[in-house]
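Only one structure is covered here, and it is reproduced in the block below.
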Amino acid sequence: MDFPITADGTLSIITRESDAAHVMAEAVQKLFPGTQVTIGPSIENGFYYDFYREKPFTPDDLATIEAEMKKIVEGGKPFTREVWPRAEAIKFFKSKGENFKVELIENLPGSEDIRIYKQGEWLDLCRGPHMPTTKHVGMAFKLTHIAGAYWRGDHKREQLQRIYGTAWRDQKELDNHLQMVAEAEARDHRKLGKEMDLFHLQEEAQGSIFWHPRGFTIYNQIENYIRRKLNGAGYVEVKTPQLMSSKLWEASGHWSKFRENMFVVPDVVPNTAEGEKIFKEEPKNFMALKPMNCPAHIQIFKQGLKSYRDLPLRMAEFGCCHRNEAHGALLGLMRVRQMTQDDAHIFCTPDQIASEAEAFCKLLYSVYEDFGFTDVHIKLATRPDARAGDDATWDRAEGALATALKSQNLEFTYAPGEGAFYGPKLEFHLRDAIGRTWQCGTLQCDFVLPERLDATYIGEDGARHRPVMLHRAILGSLERFIGILIEHYAGRFPLWLSPIQVVIASITEAAEGYANEAAAALRAAGLRVETDTRSEKINYKIREHSLQKIPVIAVVGAKEAEGRTLALRRLGSDAQTLISLDDATRQLSMEAKPHS
RNA sequence: GCCGCUGUAGCUCAGCUGGUAGAGCACAUCAUUCGUAAUGAUGGGGUCGGAGGUUCGAGUCCUCUCAGCGGCACCA
């Protein structure tokens with residue numbers, strides 16, 4: 001950096017990544033003439049640059065580009081900063097056929113300088129700053145992958161070719177980083193899900209999960225845990241229909257806005273004869289699999305008269321929802337077409353929003369703490385362009401959510417324009433193994449749906465009033481949350497969640513009877529226990545169950561049978577503790593007791 | 001949905017320029033009864049995601065299609 005700082009702001013000392021992006025762009029333009037440059041920011045652990053080129057880059061091109069980059073780095077060309085008049089900059093980039101740069105400059109606010117960074121002959125429009133020379137980039141970089149991306153993030157605009165890379169101070173740092181990426185990939189929930197026999201997916205039900213017995217044990221533990229939490233927090237639980245008439249979705253507004261993502265079922269009896277059309281007649285009425293639970297919950301709310309004394313009414317459902325997600329969006333457990341939300345709707349008065357929002361945040365954090373999540377990223381998504389409701393209502397709703405966060409000193413960032421059409425929302429994001437963040441918890445403030453579906457309560461004044469509806473979920477969907485949980489624990493679940501808590505492995509046939517007896521004792525205490533009495537060596541059994549990430553292996557041989565003891569071995573340790581069967585039962589069942 | 005990559009036994013993967021499929025693990029059987037991360041032997045198992053095409057002949061080339069993966073877009 002070779003200019004004084006004149007404005008307030010934070011300055012990232014490390015500009016290596018954006019330097020590397022510039023070097024990459026120069027290399028690409030040298031190797032692939034005619035390629036247009038667009039933008040190339042630094043990102044977490046790396047950088048990317050988007051190029052416009054008819055022919056996409058191939059994985060082989062990456063090595064060629066890297067080699068060219070190394071030449072540029074060795075050249076040690078100084079980065080120099082220039083400020084150009086707008087018109088000249090536009091003229092220059094136009095003459096080079098850099099249409100995207102021209103568009104960028106034209107869209108810069110009039111007051112802003114057109115800053116150009118040069119590295120020898122090559123130059124780029126850039127805010128900067130940069131290090132003194134290209135040599136400062138160093139050799140510890142690597143281009144990691146290629147992807148498509150839209151110009152300006154707009155799917156109606158040109159598709160660009162994005163090249164991602166990562167750059168570090170020295171080879172050791174780079175190796176470290178690559179090593180960490182490899183380790184993170186080993187925690188991938190899809191890989192562990194297969195290895196640990198938790199669930200699977202297949203073509204015939206793409207985007208929907210086949211839960212295996214072990215995976216479903218985890219699922220049930222979590223559902224039961226949330227149920228206890230909700231009971232303790234004053235919720236009531238309901239169950240609503242899977243299929244409902246399109247009329248209800250029309251009334252709620254979802255039919256017009258989200259129909260293309262709904263699974264619609266014609267309300268017609270199909271033909272069964274071979275060779276005939278499936279439907280005799282063009283269907284007139286349609287049903288839809290519910291993509292969300294709120295309209296159904298309002299139907300329950302509307303049964304009978306509600307008084308202000310009934311509010312806040314917190315209605316929960318483990319609601320199974322279907323959304324016809326775009327094919328390219330599906331991803332393991334993280335993005336599915338059938339999901340079960342830990343959903344609830346709080347019907348309340350406007351005065352109650354703040355206290356309910358606050359109580360919800362507390363509840364959410366107590367749940368996340370039980371699972372050991374500390375890295376939670378909160379976003380407050382505000383009014384989108386296409387929305388229902390007037391601005392005064394939006395002001396109130398956004399204010400209430402912000403207040404709830406501030407009152408608990410929770411840090412958050414604004415996501416302008418990303419709210420739902422009916423109201424603003426809080427999003428609670430968690431990270432997966434490779435650092436991607438996923439929305440899990442949410443709290444949404446809705447003044448619109450109660451209006452559309454005509455929910456009312458009788459106020460103190462004897463008149464009908466509109467309740468406010470708070471949509472909220474803590475886990476989000478069981479599927480996604482379990483996906484994140486698998487990666488979070490790297491498959492090593494705490495005892496209360498582990499599908500199999502104890503494996504009793506016998507050393508010889510003579511111990512088989514005692515192994516079964518001990519298993520029965522542990523099961524009677526509520527533990528999930530399996531026995532392994534195969535005629536295999538104990539080393540073999542230990543290895544197998546350790547790889548299966550069984551938290552406790554109890555070895556029994558003649559000695560244990562004789563003394564009615566268990567030799568316990570914990571996952572991740574090779575220490576053995578000899579303990580009486582009675583004590584083990586007490587101790588393990590205590591430890592396996594789920595949270596509440 | 002868009003761009004790119006991938007798709008071979010239950011799993012992980014090999015199969016160069018086209019000549020009618022291989023390994024390890026797993027599984028089955030037999031032997032072994034062996035104290036804390038892999039006992040040995042034998043055996044069964046795939047037509048190479050699907051459809052079509054080129055060819056005397058295709059896992060290997062071409063077209064279409066489906067799915068998965070990496071991103072992008074979307075996400076009530």
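In what follows, every chain begins at residue 1, and chains take the letters A, B, ... in the order their sequences are listed. Side-chain atoms are counted along with the backbone in the values below, which use heavy atoms only and exclude waters and symmetry mates.
Taking the side chain of Gln206(A) as heavy atoms from C-beta on, and the options A38(B), G71(B), A67(B), the nearest nucleotide is A67(B). Among the nucleotides A76(B), G71(B), C34(B), the one closest to any side-chain atom of Ser535(A) is C34(B). Listed nucleotides: A37(B), U33(B), G35(B). Nearest to the side chain of Ile538(A): G35(B). When each of C5(B), C75(B), U33(B) is scored by its nearest atom to the side-chain atoms of Pro59(A), the top-ranked nucleotide is C5(B). Of the listed nucleotides (C74(B), U33(B), C69(B)), C74(B) has the atom at the smallest distance from the side chain of Ala329(A). Ranking A38(B), G35(B), G71(B) by closeness to the Arg162(A) side chain, first place goes to G71(B). Of the candidate nucleotides U33(B), A67(B), G70(B), A67(B) has the atom nearest to the side chain of Glu203(A). Which of C75(B), C34(B), A38(B) sits closest to the side chain of Thr508(A) comes down to C34(B). When each of A37(B), G70(B), U33(B) is scored by its nearest atom to the side-chain atoms of His145(A), the top-ranked nucleotide is G70(B). Nearest nucleotide to the side chain of Glu536(A), out of U39(B), C74(B), C66(B): U39(B).
Base pairing analysis places C34(B) opposite nothing; no Watson-Crick or G-U wobble pair with both distances below 3.5 Å involves it. Here A28(B) sits opposite U42(B) as a Watson-Crick or G-U wobble pair (both hydrogen-bonding atom distances under 3.5 Å). Partner assigned to C75(B) is none, using Watson-Crick or G-U wobble distances below 3.5 angstrom. Summarising the base pairing, G22(B) is matched to C13(B) through a Watson-Crick or G-U wobble pair whose two defining distances lie under 3.5 Å. Nucleotide C64(B): paired with G50(B) (Watson-Crick or G-U wobble, both distances less than 3.5 Å). Using the Watson-Crick or G-U wobble rule with both distances under 3.5 Å, G4(B) pairs with C69(B). Shown here, G59(B) forms no base pair; nothing in the strands shown gives a Watson-Crick or G-U wobble contact with both key distances under 3.5 Å.
Residue Tyr48(A) is classed as having no contact, given no heavy-atom separation below 4.0 Å to the nucleic acid. Residue Pro291(A) is in base contact, counting any heavy-atom pair closer than 4.0 Å across all strands shown. In this structure, Lys537(A) reaches the bases: a heavy-atom distance under 4.0 Å links it to at least one base atom across the strands shown. Within the 4.0 angstrom heavy-atom criterion, no nucleotide atom of any strand lies near Asp154(A). As judged by a 4.0 angstrom heavy-atom cut-off over every strand, Ala505(A) is placed among residues making no nucleic acid contact.
In this structure, CE in Met315(A) is found 11.5 Å from CD1 in Ile346(A), a value given to the nearest 0.5 Å. Going from atom OG1 of Thr166(A) over to atom CG of Leu178(A) covers 7.0 Å, rounded to the nearest 0.5 Å.
Contact annotation: Asn539(A) does not reach the phosphate of A38(B) (side-chain N/O to OP1 or OP2, under 4.0 Å). Remark: Lys194(A) is in phosphate contact with U12(B), judged by side-chain N or O atoms under 4.0 Å from OP1 or OP2. Distances shown here put every side-chain N or O of Gln161(A) at or beyond 4.0 Å from the OP1 or OP2 atom of C3(B). Arg190(A) has a side-chain polar atom (N or O) that falls below the 4.0 Å cut-off from OP1 or OP2 of C69(B).
Ring geometry for Phe421(A) versus Phe258(A): interplanar angle of 30 to 60°, hence tilted. Using cut-offs of 30° and 60° for the angle between ring planes, the Phe347(A) and His345(A) rings count as tilted.
Within residues 420-446 of chain A, the residues having any heavy atom under 4.0 Å from RNA chain B are, by residue number, Ala420(A), Tyr422(A), Lys425(A), Ile434(A), Arg436(A), Gln444(A).
In this structure, OH of Tyr52(A) is placed 13 Å from P of C3(B), rounded to the nearest angstrom. In this structure, NE2 of His322(A) is placed 17 Å from C1' of C75(B), rounded to the nearest angstrom. C66(B) atom C1' lies 13 Å from atom CG of Leu330(A), rounded to whole Å. Rounded to an integer number of Å, the gap from Arg157(A) CZ to C74(B) C1' is 19 Å. As rounded to whole Å, 11 Å separates atom C1' of A76(B) from atom CG of Asp343(A). If you take OH of Tyr49(A) and C1' of G71(B), they are 19 Å apart, rounded to a whole angstrom. Rounded to an integer number of Å, the gap from CZ of Arg53(A) to P of C3(B) is 16 Å. Atom NE2 in His155(A) sits roughly 15 Å away from atom C1' in C3(B) (whole-Å rounding).
Rounded to whole Å, the P atom of A41(B) lies 39 Å from the corresponding atom of A51(B). Of the P atoms belonging to A14(B) and C72(B), the separation is 28 Å, rounded to the nearest Å. One C1' atom belongs to G40(B), the other to U6(B), and the distance between them is 38 Å to the nearest Å. The same atom, C1', is picked in A37(B) and in G43(B); the two are 27 Å apart, to the nearest Å. For the C1' atom pair drawn from C61(B) and C48(B), the interatomic distance equals 16 Å after rounding to whole Å. When the C1' atom is compared between U47(B) and G15(B), the two are found 15 Å apart, to the nearest whole Å. Taking atom C1' on both C64(B) and A28(B), the two are 42 Å apart, rounded to the nearest angstrom. Of the P atoms belonging to U33(B) and U39(B), the separation is 14 Å, rounded to the nearest Å.
Sequence order on RNA chain B of the closest nucleotides to Gly207(A) and Gly153(A) puts Gly207(A) first from the 5' end. The residue among Met262(A) and Leu201(A) whose nearest nucleotide of RNA chain B lies closer to the 5′ end is Leu201(A).
With respect to Asp454(A) and Arg466(A), a salt bridge is recorded, a charged nitrogen being found less than 4.0 Å from a carboxylate O. In this structure, Glu356(A) does not pair ionically with Arg472(A), as no charged nitrogen and carboxylate oxygen lie closer than 4.0 Å. For Glu44(A) and Arg431(A), the salt-bridge test passes: some basic side-chain N is under 4.0 Å from an acidic carboxylate O. With respect to Glu427(A) and Lys425(A), a salt bridge is recorded, a charged nitrogen being found less than 4.0 Å from a carboxylate O. Ion pairing of Glu536(A) with Arg543(A) is absent here, as no side-chain N (NZ or NE/NH1/NH2) approaches a carboxylate O to less than 4.0 Å. Using a cut-off of 4.0 Å between Lys/Arg side-chain N and Asp/Glu carboxylate O, Lys191(A) and Glu195(A) are scored as salt-bridged. Taking the charged nitrogens against the carboxylate oxygens, Glu517(A) and Arg564(A) do have a contact shorter than 4.0 Å, which makes a salt bridge.
The base of C74(B) sits within donor-acceptor range of the side chain of Arg335(A), with an N or O pair under 3.5 Å. If you check distances only, the side chain of Glu560(A) does reach the base of G35(B) with a donor-acceptor pair under 3.5 Å.
Few gaps surround CD on Gln202(A); more than 12 heavy atoms of other groups in view lie less than 6.0 Å from it.
Residue Tyr540(A) and nucleotide A38(B) are not classified as a stacked aromatic pair, given the requirement of ring centres less than 5.5 Å apart at an interplanar angle below 30°.
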